[in-house]
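Here is how names work: the chains are called A, B, and so on, in the same order as the sequence lines, proteins then strands, and each is numbered from 1. All values reported here derive from a predicted model rather than from experimental measurement.
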Number of protein chains: 2
Amino acid sequence: MTAKQRLPDRKSKVTVREVALRANVSESTVSRILRNKGPIADDTREKVMEVVRAMGYVPNRIAGSLASLNSNLVGVIIPSLSNIVFPEVLQGIHAGLEATDNMQAVISISNYDVELEENVIRGLLAWKPAAVLTTGFEHSDATRRMLELSDVRVVEMMDIDSDPIDIAVGMSHRSAGYATGRHLVEKGWRRFGYVGHNLDNDRRARLRFEGLRSALFEAGLDIAARAVAGSASSVGAGKQMTAQLLDGDTPVDVIVYSNDDMAVGGVFHCQSAGISIPGDVAVFGFNGLDIGFQMPQPLSTIRSNRFLIGKTAIEAMLTEPAGTKIDTGFEIFEGGTA
Amino acid sequence: MTAKQRLPDRKSKVTVREVALRANVSESTVSRILRNKGPIADDTREKVMEVVRAMGYVPNRIAGSLASLNSNLVGVIIPSLSNIVFPEVLQGIHAGLEATDNMQAVISISNYDVELEENVIRGLLAWKPAAVLTTGFEHSDATRRMLELSDVRVVEMMDIDSDPIDIAVGMSHRSAGYATGRHLVEKGWRRFGYVGHNLDNDRRARLRFEGLRSALFEAGLDIAARAVAGSASSVGAGKQMTAQLLDGDTPVDVIVYSNDDMAVGGVFHCQSAGISIPGDVAVFGFNGLDIGFQMPQPLSTIRSNRFLIGKTAIEAMLTEPAGTKIDTGFEIFEGGTA
DNA sequence: CTGAAAGCGCTTACAG
DNA sequence: CTGAAAGCGCTTACAG
């Protein structure tokens with residue numbers, strides 16, 4: 001226990017008060033030194049810092065936030081953690097946060113449910129965060145109102161196909177769908193299939209689908225057959241729906257998927273069934289996930305910039321005026337499956 | 001704008017004070033009603049709740065926490081978000097939290113770096129969380145000390161092969177490695193290869209490796225060849241290291257991977273190179289990720305329970321005494337690749 | 001360059 | 001069943 005002798009006292013919680021007492025200065029001086037605010041004599045600073053270290057003092061941010069009426073918390077609401085796309089956005093947010101004066105993310109999940117989102121945001125706002133970053137434009141009226149009435153910055157991430165409450169950072173999913181259609185038509189594909197997941201709560205996948213159809217219409221084409229799962233997107237759903245589509249009566253020579261997870265499932269199904277890609281059928285995804293890129297035949301897809309969206313969301317919330325929309329773009333990845 | 005007439009006043013932030021004033025009661029009464037504490041006359045409650053709704057009052061949790069000296073925050077530190085395993089743990093934590101009186105997770109990333117973890121935990125403790133959930137047993141001395149001195153509950157997740165600071169929830173990675181070795185030896189494999197990632201900061205992968213070797217030793221065997229990436233685990237690293245191992249001089253008939261990501265990379269390499277699995281070489285992973293399960297040949301692996309670990313961590317922190325270790329177990333998944 | 005005082009928005013004994 | 005008062009641990013004008 002001798003090793004513990006120079007450690008902070010076991011129990012007694014140490015506050016600015018104790019530090020001030022021990023250092024023979026006022027609480028305000030301790031506070032100023034700790035926040036590097038205002039002019040401080042060098043020896044005062046040294047004396048105080050020594051006491052701070054000796055006592056193992058950790059400022060209480062709850063008290064600090066209450067007193068200064070601002071917190072360094074950023075509320076983040078994402079729809080799900082099971083789709084790797086959102087953890088990637090979180091990584092970007094985390095990277096953006098590292099450049100700040102140690103802001104902290106408070107993360108919640110909305111499960112693609114606007115009612116749940118409303119509750120979650122209510123709980124978040126109670127912590128008086130500096131900003132709330134949420135996903136997409138679909139919110140309940142009450143959510144929208146809470147956000148408008150509060151004076152926190154709001155960033156709606158992923159999508160820029162509508163007008164933001166405050167700031168939007170993302171890409172145009174409609175354009176991505178359109179670009180997919182144009183690209184595939186130009187490559188000579190004519191008989192289009194579509195394999196999707198439950199789009200009821202996935203506005204962005206719906207927008208991509210609409211964009212795709214517009215491009216096909218312009219070329220005098222349409223989607224000849226489709227198979228849509230009742231569940232969220234997953235590799236398993238992609239396998240199943242691909243099997244269903246290919247077992248149908250309408251022949252297709254290219255399948256556009258609602259995203260890469262579904263498309264990887266499509267590739268797995270074709271491998272199992274001895275269907276050659278892209279000879280028998282071509283496959284095109286969306287997102288540009290690493291798993292698709294690493295497959296023996298790299299998945300043809302559109303790369304979205306999830307990390308960039310998260311990082312930019314933080315930067316924008318710190319610097320941009322209300323009404324800003326930032327397009328993080330996308331790019332077609334040729335790959336080997338279409 | 002008539003629709004906005006009944007909405008809360010635009011600016012003036014509303015506090016208990018305003019609610020109390022408008023409802024003709026004291027602040028303490030408002031506080032009691034909002035927290036369902038103590039006896040309250042029915043009509044008082046109704047009257048106050050009406051005002052609360054009318055004014056759109058949202059309690060300030062920062063003030064609440066400071067006054068009551070306890071927060072509903074739970075600090076969570078995970079090493080990374082790029083390995084899907086940790087988002088899965090977060091999902092479990094989220095599920096566990098839903099059963100509580102709306103506690104909120106504050107999530108930070110340590111990037112497998114004990115120094116960074118120390119800073120992150122320091123920042124977290126400043127928020128006086130109810131508990132800190134972190135990953136594994138590897139911490140700096142300072143981290144360990146902070147955690148011990150603070151009176152927050154501490155859960156170390158994923159691993160149970162050491163003694164916890166407070167509570168540990170996870171599985172024995174040594175046993176999992178051992179079980180892998182036994183299983184594969186029993187199935188008749190004799191020439192073992194190992195493909196891994198950078199294990200310097202990954203104690204659990206090291207423990208699995210040690211367990212595997214023990215099992216092999218007991219059977220009079222050893223690892224004949226290995227290829228270890230300098231980077232973190234990924235499908236790409238798995239492809240590359242598998243190629244390297246199979247190009248070496250030492251023939252192997254089964255490869256044990258440090259985890260499923262690496263193993264999936266191994267499968268992809270074999271597909272590209274026309275190597276048949278498990279005929280030419282068998283493949284065995286660790287984790288039981290969905291992607292491995294969905295492949296045309298389901299990946300042989302060990303299933304860990306990441307979701308359960310997260311969920312149990314929350315439950316344990318609420319109910320279990322210090323010193324508790326909870327084994328969430330694992331199971332061998334036969335699959336088709338070994 | 002430093003200190004005394006008020007206050008941030010709640011909660012919690014304590015009294016009645 | 002309800003209220004007045006003190007206090008949680010900081011920060012921020014204001015004075016000097």
Side-chain angles (χ1 to χ4, degrees), chain A residues 12-49 51-52 55-73 101-102 123 125-130 150-151, chain B residues 12-49 51-52 55-73 101-102 123 125-130 150-151:
Chain A
S12 66
K13 69 192 78 171
V14 12
T15 68
V16 265
R17 184 152 204 287
E18 279 69 50
V19 174
L21 247 38
R22 186 106 87 101
N24 265 312
V25 296
S26 72
E27 295 185 27
S28 12
T29 299
V30 174
S31 173
R32 281 191 208 97
I33 290 173
L34 255 19
R35 283 169 307 110
N36 276 310
K37 270 261 168 86
I40 298 284
D42 280 351
D43 48 340
T44 310
R45 182 192 308 279
E46 268 175 44
K47 183 175 57 178
V48 169
M49 286 313 289
V51 174
V52 163
M55 304 184 81
Y57 171 65
V58 179
N60 180 335
R61 272 203 173 281
I62 294 188
S65 291
L66 179 60
S68 65
L69 294 181
N70 66 49
S71 87
N72 66 345
L73 293 177
D101 181 26
N102 63 34
L125 287 179
W127 282 99
K128 304 291 163 190
S150 75
D151 48 0
Chain B
S12 67
K13 68 192 81 171
V14 13
T15 68
V16 264
R17 187 153 201 287
E18 279 70 51
V19 174
L21 247 38
R22 185 105 87 103
N24 265 312
V25 296
S26 71
E27 297 186 24
S28 11
T29 299
V30 174
S31 174
R32 280 190 209 98
I33 290 173
L34 256 17
R35 282 169 306 110
N36 276 309
K37 270 260 169 85
I40 297 285
D42 281 352
D43 48 339
T44 310
R45 181 191 309 278
E46 268 174 44
K47 183 177 56 179
V48 169
M49 286 313 290
V51 174
V52 163
M55 305 184 80
Y57 172 64
V58 178
N60 181 334
R61 274 204 172 281
I62 295 187
S65 291
L66 179 60
S68 65
L69 293 181
N70 66 49
S71 87
N72 66 343
L73 293 177
D101 182 28
N102 62 35
L125 287 178
W127 283 99
K128 305 291 165 190
S150 76
D151 48 1

What nucleotide among D:dA4, D:dC10, C:dC10 has an atom nearest to a side-chain atom of B:S26?
D:dA4

Selected nucleotide, minimal atom distance to B:A63 side chain, candidates D:dG3, D:dC10, C:dG9
C:dG9

Measure the [atom1]-[atom2] distance between [X] and [Y] for me, rounded to the nearest 0.5 Å.
| X | Y | atom1 | atom2 | result |
| --- | --- | --- | --- | --- |
| B:Y57 | B:T15 | OH | OG1 | 6.5 Å |
| B:L73 | B:K128 | CG | NZ | 12.5 Å |
| A:D151 | A:L125 | CG | CG | 9.5 Å |

Step by step, work out the side chain to side chain contact (heavy atoms under 4.5 Å, CB included) result for B:E18 and B:V30.
CA-CA 10 Å; B:E18 279 70 51; B:V30 174; over 6 Å; no

Spacing of [X] atom [atom1] relative to [N] atom [atom2], expressed in whole Å:
| X | N | atom1 | atom2 | result |
| --- | --- | --- | --- | --- |
| A:I62 | C:dT11 | CD1 | P | 13 Å |
| B:L66 | D:dC8 | CG | C1' | 4 Å |
| A:L69 | D:dG9 | CG | C1' | 14 Å |
| B:L21 | C:dG9 | CG | P | 14 Å |
| A:W127 | C:dC10 | CH2 | P | 13 Å |
| B:N60 | D:dC8 | CG | P | 18 Å |
| A:R17 | D:dG7 | CZ | P | 11 Å |
| B:N70 | C:dC10 | CG | P | 16 Å |

I need the residues from residues 27-49 of chain B with at least one non-hydrogen atom less than 4.0 Å from DNA chain D; give them sorted by number, or say none.
B:S28, B:T29, B:R32, B:P39, B:I40, B:A41, B:T44

Within the pair B:Y57 and C:dC10, is there a side-chain N or O less than 4.0 Å away from OP1 or OP2?
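So the side chain of B:Y57 is within the cut-off, an N or O lying under 4.0 Å from OP1 or OP2 of C:dC10.
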
Stem segments of DNA chain C by first residue number [Watson-Crick or G-U, under 3.5 Å, at least 3]
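In DNA chain C, stems of three or more pairs: C:1-3 with D:14-16, C:5-12 with D:5-12, C:14-16 with D:1-3.
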
In sequence, state the C-alpha distance, the side-chain angles, and the governing distance for B:R17 and B:L21, and then conclude on side chain to side chain contact (heavy atoms under 4.5 Å, CB included).
CA-CA 6 Å; B:R17 187 153 201 287; B:L21 247 38; 4.1 Å; yes

A:V25, A:V19, A:V48, A:V52 screened by side chain to side chain contact (heavy atoms under 4.5 Å, CB included) with A:I33, the one that passes
A:V48

Is the shortest heavy-atom distance from the side chain of B:E27 to the side chain of B:S31 under 4.5 Å?
no

If you take all heavy atoms of B:S71 and B:P129, which pair is closest and at what distance?
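Taking B:S71 first and B:P129 second, the nearest heavy atoms are OG-CA, 3.5 Å.
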
For a quick test of reading the model, state the closest non-hydrogen atom pair linking A:M55 to A:V14 and the distance between them.
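So the two residues come closest at O-CG1, 3.6 Å.
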
